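Quantities reported herein were computed from a predicted structural model and do not represent experimental measurements.
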Amino acid sequence: MGLFRKKDGNKDTRTQDKGAQLVTVIEPKNVISEQFRTLRINIEFAGASLETLQVIMFTSAEISDGKTTVSTNTAVTWAQAGKSVLYVDADMRRSTAQSTFRLSNGHGLSTVLASAEQPKDVVQKTFVENLEVLTAGPTPPNPAELLNSKRMSSLIEWMRNNYDIVVLDVPPIMAVSDAQVLLPVIDGVVLVTMMGKTMKASVKRTVETLRLGETKILGVVERIKDDKADIGYGYGYGYGNDK
C-alpha cells in the first residue's frame, strides 16, 4: 500500500484516463505540431529579458482548458530541439503524465516530497529522446502544503542543475492554491484558455493573481476546439505579458 490513497471524484477524467494527445510525436509535420513549435519559440522570445528562463509553469483559469495538452506537447518540442527537458506533473489532484507517457505512477512528485526518496531515482525516461518525466505520484491529502515546502524548493534547484528546461503542469490558479505557492520559485508562466469555454472573469482574476505574485506572464495560449478534435492554437498577450 502506498503513502497516499487514490481519490476519484473529478467529473471530467478523459485526459486523466487516456492521457494528452501528443500530436508533436504522432504527427510532427501536422499544422498543430508546427503551432506548438511556434509557441515554444514565442515563449523563448517573451522570456529573453529574464535573467533565467528555465522553470516554466503552465496553468489555466479553469479545469479542462487544455493546459496538459499544451504543456506536454510544448515540452516535446523543446526535447526535439535538443534541450534536456523534465516534464513535471505537479497537478497531484488530477494526475495525467502516467497515462500520456505510459509510465508507472506508484512513485512520483508526492512521494519525493513526503519521504526520503531521491528525485534521480523517481524520474522516468520516456519514448521521446531528451525528455524525462516526474509523474505526480499517489494523490496526497495536502498537495498545496507539499508544494509550499522547503523540500519542494530544494527539488526545484535540483531540477535547475540537471535539466535545460523544466515544464511544470500545475492545477488551475483559481481552483486551488497549489499553483500560487510555486510562483516564487518559477521563472515564468504560460496561461492556457479555451475559446468559447473559459470565462473572461476567470481569466482576469487569474492574471491579477499572477501579477500579485510578481510572476512574468510569458503569454496566453487560446485553445480552439470543435466537438471532435483540436483545430488550432493561438498565442498572444491579450491579457498582458508583463508583471
Side-chain angles (χ1 to χ4, degrees), residues 3 24 39-41 43-59 67-68 70-92 95-98 100-101 103-138 140 143-171 178-190 210 213-218 243:
L3 287 172
T24 46
L39 169 60
R40 182 201 78 218
I41 293 169
I43 291 172
E44 293 172 348
F45 276 124
S49 62
L50 296 175
E51 183 177 342
T52 304
L53 182 64
Q54 190 175 5
V55 179
I56 303 163
M57 174 188 288
F58 284 74
T59 190
K67 66 178 177 60
T68 296
V70 174
S71 60
T72 50
N73 279 281
T74 307
V76 168
T77 66
W78 262 307
Q80 291 172 335
K83 298 290 187 181
S84 172
V85 182
L86 178 64
Y87 173 84
V88 182
D89 188 348
D91 193 341
M92 290 181 279
S95 58
T96 57
Q98 70 276 12
T100 300
F101 295 98
L103 301 171
S104 167
N105 195 37
H107 299 267
L109 178 61
S110 63
T111 56
V112 170
L113 295 177
S115 71
E117 286 186 342
Q118 296 302 307
K120 63 182 178 61
D121 299 323
V122 180
V123 166
Q124 300 178 66
K125 294 184 180 297
T126 71
F127 46 76
V128 180
E129 187 177 0
N130 301 321
L131 177 61
E132 296 186 350
V133 168
L134 179 59
T135 64
E145 290 180 22
L146 290 180
L147 293 174
N148 197 30
S149 65
K150 290 183 178 179
R151 189 161 174 80
M152 183 63 188
S153 297
S154 298
L155 180 59
I156 292 288
E157 284 305 307
W158 178 86
M159 294 174 185
R160 289 184 184 276
N161 292 331
N162 287 275
Y163 298 91
D164 298 324
I165 297 290
V166 177
V167 172
L168 294 178
D169 181 355
V170 305
D178 301 23
Q180 296 180 43
V181 302
L182 288 173
L183 296 182
V185 298
I186 66 169
D187 299 323
V189 61
V190 176
L210 292 171
E214 298 186 346
T215 305
K216 174 71 174 181
I217 302 176
L218 299 167
K243 287 184 179 180

Discussion item. Evaluate L182 against M152 for side-chain contact (heavy atoms from CB on, under 4.5 Å), listing each step before the verdict.
Written reply: CA-CA 9 Å; L182 288 173; M152 183 63 188; 3.8 Å; yes
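To the nearest 0.5 angstrom, L131 atom CG is 9.5 Å from Q80 atom CD. One distance of note links CG of L147 with OG of S153; it measures 10.0 Å at 0.5 Å rounding. Atom CE of residue M92 and atom CG of residue D178 lie 6.5 Å apart, to the nearest 0.5 angstrom. Atoms NZ and CD1, on K83 and I165 in that order, are 6.0 Å from each other to the nearest 0.5 Å. Distance CG/L218 to CZ/F58: 8.0 Å, rounded to 0.5 Å. The distance from atom CD of Q98 to atom CG of D89, rounded to the nearest 0.5 Å, is 6.5 Å.
Screening D164, N130, N162 for a side chain to side chain contact (heavy atoms under 4.5 Å, CB included) involving S84 leaves a single residue, D164.
Looking at residues two or more places apart in sequence or on another chain, you find no salt bridge (charged side-chain N to carboxylate O under 4.0 Å, His left out) involving E145. Shown here are the side chain to side chain contact (heavy atoms under 4.5 Å, CB included) partners of V55, two or more places apart in sequence or in another chain: I156, R160, V166, L168, I186, D187. Under the rule for a salt bridge (charged side-chain N to carboxylate O under 4.0 Å, His left out), R151 has no partner lying at least two apart in sequence or in another chain. For E44, the side chain to side chain donor-acceptor pair (under 3.5 Å) criterion is met by W78, not counting sequence neighbours. When the side chain to side chain donor-acceptor pair (under 3.5 Å) test is applied to T24, the partners found at least two apart in sequence or on another chain are N73. For the side chain to side chain donor-acceptor pair (under 3.5 Å) test, residues two or more places apart in sequence or in another chain that qualify with E132 are K125, Y163.
Nearest approach of D91 to P171, heavy atoms of both residues: OD1-CG, 3.4 Å. Residues N105 and G137 share a closest heavy-atom pair of OD1-N, 2.7 Å.
In this structure, the side chains of T72 and T96 stay at 4.5 Å or more apart for every pair of heavy atoms.
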